[in-house]
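All residue numbers refer to positions in the sequence shown, counting from 1. Values below: every heavy atom of this structure, side chains too, minus hydrogens, waters and symmetry copies.
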Amino acid sequence: MDLTTIWLGLGVFCIGWHFYYQRQLAEAARSHAHKYCEQQGIQFISIAKISSGLMMVPGKGVRWKNRYLFEFSGDGQSKYEGTLTLLGNQVQTIETPVYKVN
């Protein structure tokens, strides 16, 4: 085996790991958003990632910071958008606008 093959294998492994890890974070975000909506008594509709990047966290090292846009309804007819920010797989913030409820 030559050095090029080793580097290529390592690159493929890293890309695969990154894809798998981002899928895990997306599932964690969906779970957190759904749980938040249940706690608030609102209807969860959907979620989508809007940004992703690395962030240095003092005392914890480098973590992925992902922001997600989630849609919800408070009255079953109107649709609102909130944002959920994950630092690693932990919720950093959840922000929602003022919304109408039944």
Considering the options Lys35, Arg30, Glu38, Glu71, which one meets the side chain to side chain contact (heavy atoms under 4.5 Å, CB included) requirement together with Phe44? Arg30
Return the minimal non-hydrogen interatomic distance between Asn66 and Ser52, and the atom names on each side. OD1-OG, 2.5 Å
hydrophobic_cluster_shared for Tyr36 and Ile47, side chain cutoff 4.5 Å: yes
Step by step, would you call Lys49 with Gln22 a side chain to side chain donor-acceptor pair (under 3.5 Å)? CA-CA 10 Å; Lys49 182 165 55 170; Gln22 288 298 319; 3.0 Å; yes
Between Ser78 and Ser73, do the side chains contain an N or O donor and an N or O acceptor separated by less than 3.5 Å? no
Taking the inter-plane angle between the rings of Phe70 and Phe72 on a 0 to 90° scale, is it parallel (under 30°), tilted (30 to 60°) or perpendicular (over 60°)? tilted
Mind checking whether Val62 and Val57 have side chains closer than 4.5 Å, heavy atoms only? no
Looking only at atom types and distance, does a side-chain atom of Tyr99 sit under 3.5 Å from a main-chain N or O of Lys79, one as donor and one as acceptor? no
Please evaluate residues Leu25 and Trp64 with respect to the criterion side-chain contact (heavy atoms from CB on, under 4.5 Å), reporting the C-alpha separation (whole Å), side-chain torsions for both, the decisive distance (0.1 Å), and the verdict. CA-CA 9 Å; Leu25 292 178; Trp64 281 101; 4.1 Å; yes
At what distance, to the nearest 0.5 angstrom, does CZ of Arg63 lie from CG of Leu86? 13.0 Å
Say whether Met55 and Tyr68 are linked into one hydrophobic cluster, either directly or through other cluster members, by side-chain heavy-atom distances under 4.5 angstrom. no
Spacing of Thr85 atom OG1 and Gln92 atom CD [to the nearest 0.5 Å]: 6.0 Å
Taking everything shown except Trp7 itself, do over 12 heavy atoms lie less than 6.0 Å from its CH2? no
So, taking the atom named CG in Leu10 and the one named CD1 in Ile15, what distance separates them when rounded to the nearest 0.5 Å? 10.0 Å
Between the OG atom in Ser46 and the CG atom in Leu69, the distance rounded to the nearest 0.5 Å is 7.5 Å
Take Arg67 and Thr83 through the side-chain contact (heavy atoms from CB on, under 4.5 Å) test and state the conclusion after the steps. CA-CA 7 Å; Arg67 294 191 66 221; Thr83 58; 3.6 Å; yes
Atom CG in Asp75, atom CD in Gln77: separation rounded to 0.5 Å? 5.5 Å
Examine Val91 and Leu87 and state if one hydrophobic cluster contains both, with Ile, Leu, Val, Met, Phe, Trp and Tyr joined whenever side-chain heavy atoms are less than 4.5 Å apart. no
Output all residues satisfying salt bridge (charged side-chain N to carboxylate O under 4.0 Å, His left out) with Glu81, sequence neighbours left out; order by chain, then residue number. none
Centroid separation Trp17 to Tyr21 less than 6.0 Å: yes
What are the two closest non-hydrogen atoms of Ile42 and Val101, and how far apart are they? CG2-CG1, 4.4 Å
Contacts of type salt bridge (charged side-chain N to carboxylate O under 4.0 Å, His left out), residue Glu27, not counting sequence neighbours: Arg23
Looking at side-chain heavy atoms only, is the closest gap between Leu84 and His32 below 4.5 Å? yes
